[in-house]
There are 2 protein chains.
Amino acid sequence: MQEQIQKILKHNQLSVTGGRTKILELFLAQDDALAHADIERKTGEKFDRVTVYRTLQTFLEKGIIHSIPTSDNSVKYALCKDNCSEGHHHDHHVHFMCSVCGKTLCIDEVSVPVVNLPEGYKVEQIQMIVTGVCKDCA
Amino acid sequence: MQEQIQKILKHNQLSVTGGRTKILELFLAQDDALAHADIERKTGEKFDRVTVYRTLQTFLEKGIIHSIPTSDNSVKYALCKDNCSEGHHHDHHVHFMCSVCGKTLCIDEVSVPVVNLPEGYKVEQIQMIVTGVCKDCA
DNA sequence: TAAAACTTGCAACTCTGTTGCAAGTTCTTG
DNA sequence: CAAGAACTTGCAACAGAGTTGCAAGTTTTA
């Protein structure tokens, strides 16, 4: 695990530091998306709030994680199962939010259906947010 | 217009007040979604920030407007073209955000395609956020 | 029209996110 | 592997978004 983390960071030309390692470790160990507050809690408040913000910002820029617009307008971040560091652009994504447990999951198995917009609209990115009840809460 | 506004408010058991009338008027006159800040600006800062928040909250609860999750995680509100006050639940929605002019539009003409989620997931609501270039900016 | 019910504005506060800067850590390269 | 360059962190201070309690004001009801 530590080795994989180092590899990802180096691959993205980032110095290997305690904060980055810990936060990346969290994402790797997690199957659902994390909000900023989750990260602070899970790191045991060992890192400054600012460090967490900056780390997330950096990971976003490098494409290690991506942000998810949720239907309650809070911000969540997730690592994708397929390798985000390989330049996959997340242009088309399905996310699932469980209304019972609150978990937010990337649904990689499903491809985003094609939408036919009215004449004159150019599509760059499609995000789909499906709200409902997840496998575990059903 | 004033008559229509009164009708909508009364229909939802809300007192007809200056703030509510003005804000509803804004939504009726607008074809794209509004953020809280847009509303404050467009009302000429005539109403307290708190009043605007509370009015939006009330309109949301009554189903007069709905909130839109945007891909930059800001909050926007919109009235739908078909009558939201008639109990239409906004379960399936397509929203378009223009990356040039920033406008957020409800695309009512397009229905949300069916997604087949993995076994065990129950769908309640589907929101689709399409980012791209709108008709006017193309 | 008067009382009841609701809405508004104010002040004060919390929570989220950002910036500048000095101190500390990591990386580079001889 | 040591020393300097480059980058990262924590702190303090701040800006903005959103919330709450409460008293004063407005709207509704009867």
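Note: hydrogens, waters and symmetry copies are ignored here, and every other heavy atom, side chains too, is used. A quick note: this is a predicted structure, and the numbers were derived from the prediction, not measured. In what follows, every chain begins at residue 1, and chains take the letters A, B, ... in the order their sequences are listed.
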Practice task
List in chain and number order the residues that pass ring-ring contact (aromatic ring centres under 6.0 Å, His included) with A:Phe59, two or more places apart in sequence or in another chain; answer none if no residue qualifies.
Solution key: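 Checked A:Phe59 against ring-ring contact (aromatic ring centres under 6.0 Å, His included); zero matches.
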Exercise for the section: Hey, can you tell me if A:Tyr53 and A:His36 have their rings parallel, tilted or perpendicular (30° and 60° cut-offs)? Expected result: parallel
So do the side chains of [X] and [Y] get within less than 4.5 Å of each other, counting heavy atoms only?
X	Y	value
B:Asp136	B:Val100	no
B:Pro69	B:Ile129	yes
A:Ile126	B:Met128	yes

Practice task
Heavy atoms of chain B, cut-off under 4.0 Å: which first and last nucleotide of DNA chain C, 5' to 3', fall inside that, if you could look?
Solution key: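 On DNA chain C, the outermost contacted nucleotides are C:dC6 to C:dA11.
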Fill in the blank from the handout: For A:Lys103, the side chain to side chain donor-acceptor pair (under 3.5 Å) test, sequence neighbours excluded, returns none
Practice task
For DNA chain C, determine which residues of residues 47-60 of chain A have any heavy atom closer than 4.0 angstrom to one of its atoms, and list them numerically.
Solution key: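 The stretch gives A:Arg49, A:Val50, A:Tyr53, A:Arg54 as the residues lying under 4.0 Å from the strand, ordered by number.
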Handout entry: Closest approach of B:Leu105 to B:Asp31 (non-hydrogen atoms, all atoms of both residues)
Key = CD2-O, 3.7 Å
Exercise for the section: Identify the two heavy atoms, one from B:Glu124 and one from A:Ser99, that lie closest to each other, and give their separation to 0.1 Å. Expected result: OE1-OG, 3.1 Å
What side-chain donor-acceptor pairs closer than 3.5 Å can you find for residues 19-30 of chain B, not counting sequence neighbours?
from: B:Arg20; atom 1: NH1; to: B:Ser15; atom 2: O; distance (Å): 3.1
from: B:Thr21; atom 1: OG1; to: B:Thr17; atom 2: O; distance (Å): 2.8
from: B:Glu25; atom 1: OE1; to: B:Gln2; atom 2: NE2; distance (Å): 3.0
from: B:Gln30; atom 1: NE2; to: B:Asp32; atom 2: OD1; distance (Å): 2.8

Practice task
Taking the six-membered ring for Trp and the single ring otherwise, decide whether the centroids of B:Tyr77 and B:His66 are under 6.0 Å apart.
Solution key: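 No, the ring centres sit 6.0 Å or more apart.
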Fill in the blank from the handout: By nearest-nucleotide position on DNA chain D, the 5'-leaning member of B:Ala37 and A:Arg20 is A:Arg20
Practice task
Find the distance B:Leu14:CG to D:dT28:C1' and express it as a whole number of Å.
Solution key: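 Taking atom C1' of D:dT28 as the reference, CG of B:Leu14 is at 13 Å.
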Handout entry: Separation of D:dC7 P from A:Leu9 CG (nearest whole Å)
Key =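 Rounded to the whole Å, the gap is 16 Å.
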Problem - Residue whose closest nucleotide on DNA chain C lies nearer the 5' end, B:Ser15 versus B:Lys46 - result: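 Residue closer to the 5' terminus by nearest nucleotide: B:Ser15.
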Handout entry: Axis-to-axis angle between the two ends of the helix from C:dT1-D:dA30 to C:dG30-D:dC1 (five base pairs per end, rounded to 10 degrees)
Key = 40°
